[in-house]
Amino acid sequence: MIRSELIQKIADENPHLYQRDVERIVNTVFEEVTDAMARGDRVELRGFGAFSVKKRDARVGRNPRTGETVQVEEKCVPFFKTGKLLRDRLNGKA
Amino acid sequence: MGDNTLTRMDLSEAVFREVGLSRNESAQLVESVLNHMSDALVRGEQVKISSFGTFSVRDKTARVGRNPKTGEEVPIQPRRVLTFRPSHLMKDRVAVGNRK
């Protein structure tokens, strides 16, 4: 399923809404999650999962092509942990 | 770096501000988004949200695990797990936003 299919499903269920508004609604949900993580905040969606930010320490990396060593700076990366209900549903337990 | 936790309430508040719907309907729409994504994943589909990321379901085979506290061996059954791969855009925004 891709973004446009998700928008279509929600538009089909809500015939009283303009397609344009459904697009804005779906985009807002994802935008809010990304914005929160860009601020260093967590997003906890019970049953679905939680988005958080993890810190990766600085390290000495290597250019795999040339073998040259490069200093990689400390950085923050997005992380997702699946919620209990969804994990159970994936395994046919709920 | 912020250390707030956002919930469904914050997402529906954002939808409420963005589109002129009631708070109640905004909350229901946020729930629909999550439900449709979950249902697709449970069916084994990948969920690909451009410029956000990709959720995919992977099959794990059975293996022997160990209780780290007691050292006891426990069988781990084959199971399905969900992985999320953030898009480059999300990675960049998170890296830039949290830079010291």
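Letters A, B, ... mirror the listed sequences (proteins, then strands); counts begin at 1.
- Counting heavy-atom pairs under 4.5 Å between each of B:Leu29, B:Val81, B:Thr83 and chain A puts B:Leu29 at the top.
- Between chain A and the options B:Leu89, B:Val15, B:Thr54, heavy-atom pairs under 4.5 Å are most frequent for B:Val15.
- For B:Asp59, no part sits under 4.5 Å from any heavy atom of chain A, backbone or side chain.
- Atom CZ of B:Arg17 has more than 12 heavy atoms from other residues, nucleotides or ligands within 6.0 Å.
- In this structure, A:Asn14 contributes its side chain and A:Ala11 its backbone to no donor-acceptor pair below 3.5 Å.
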> Between A:Arg42 and A:Phe51, does a side chain to side chain contact (heavy atoms under 4.5 Å, CB included) hold up when you go through it step by step?
Replying inline: CA-CA 6 Å; A:Arg42 254 171 77 79; A:Phe51 295 90; over 6 Å; no
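- No part of A:Phe79 comes within reach of chain B, as not one of its non-hydrogen atoms sits under 4.5 angstrom from that chain.
- With a 4.5 Å cut-off on non-hydrogen atoms, B:Ala14 touches chain A through its backbone and its side chain both.
- A:Cys76 SG to A:Lys55 NZ: the interatomic distance, rounded to the nearest 0.5 Å, is 7.5 Å.
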> Hey, mind stepping through B:Val47 and B:Leu41 against side chain to side chain contact (heavy atoms under 4.5 Å, CB included) and telling me if it holds?
Replying inline: CA-CA 7 Å; B:Val47 176; B:Leu41 293 163; 3.8 Å; yes
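- Residues of residues 3-10 of chain A that come within less than 4.5 angstrom of chain B, heavy atom to heavy atom, are A:Arg3, A:Leu6, A:Lys9, A:Ile10 in numerical order.
- From B:Asn35, atom CG reaches atom CD of B:Gln28 across 11.0 Å, with rounding to the nearest 0.5 Å.
- B:Arg66 contributes a side-chain N or O that, together with a main-chain N or O of B:Gly71, makes up a donor-acceptor pair within less than 3.5 Å.
- B:Val57 touches chain A through its side chain: at least one heavy atom from C-beta onward sits under 4.5 Å away, while N, CA, C and O do not.
- Neither the backbone nor the side chain of A:Glu73 comes within contact range of chain B; no heavy atoms are under 4.5 Å apart.
- A:Asn63 places a side-chain N or O within 3.5 Å of a backbone atom of A:Arg65 that can act as its donor or acceptor partner.
- The stretch residues 19-38 of chain A places A:Asp21, A:Arg24, A:Ile25, A:Val26, A:Thr28, A:Val29, A:Phe30, A:Glu31, A:Glu32, A:Val33, A:Thr34, A:Asp35, A:Ala36, A:Met37, A:Ala38 near chain B, each with some heavy atom under 4.5 Å from a heavy atom of that chain.
- Of the atoms belonging to B:Gln77, not a single heavy atom falls under 4.5 Å from chain A.
- Contacts between B:Leu21 and chain A at a heavy-atom distance below 4.5 Å involve the side chain alone, from C-beta outward.
- Checking B:Glu25 against A:His16 by side-chain atom types alone, a donor-acceptor pair falls below 3.5 Å.
- For chain B, no part of A:Arg56 is nearby; none of its heavy atoms comes within less than 4.5 Å.
- In this structure a side-chain-to-backbone donor-acceptor pair under 3.5 Å is present from B:Asn67 to B:Lys69.
- We find that B:Glu13 and B:Arg23 are joined by a salt bridge, their nearest charged nitrogen and carboxylate oxygen being less than 4.0 Å apart.
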> Does the pair B:Arg99 and B:Val96 meet the rule for a side chain to side chain contact (heavy atoms under 4.5 Å, CB included), with working shown?
Replying inline: CA-CA 5 Å; B:Arg99 199 171 279 165; B:Val96 170; 4.1 Å; yes
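- Identified by a heavy-atom distance below 4.5 Å to chain B, the contributing residues of residues 80-89 of chain A are A:Phe80, A:Thr82, A:Leu86, A:Arg89, in residue-number order.
- Using modelled atom types, one side-chain atom of A:Arg62 and one backbone atom of A:Gly67 make a donor-acceptor pair closer than 3.5 Å.
- Heavy atoms of B:Glu45 lying under 4.5 Å from chain A belong exclusively to its side chain.
- Contact detail for B:Ala62 and B:Pro78: the closest heavy-atom pair is CB-CD, 3.7 Å.
- Applying the salt bridge (charged side-chain N to carboxylate O under 4.0 Å, His left out) test to residues at least two apart or on different chains, none of the pairs has a partner in residues 74-88 of chain B.
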>> Could you go through B:Ile76 and B:Lys60, starting from their C-alpha distance and side-chain angles, then the distance that decides it, and tell me whether this counts as side chain to side chain contact (heavy atoms under 4.5 Å, CB included)?
In response: CA-CA 10 Å; B:Ile76 295 176; B:Lys60 295 270 211 178; over 6 Å; no
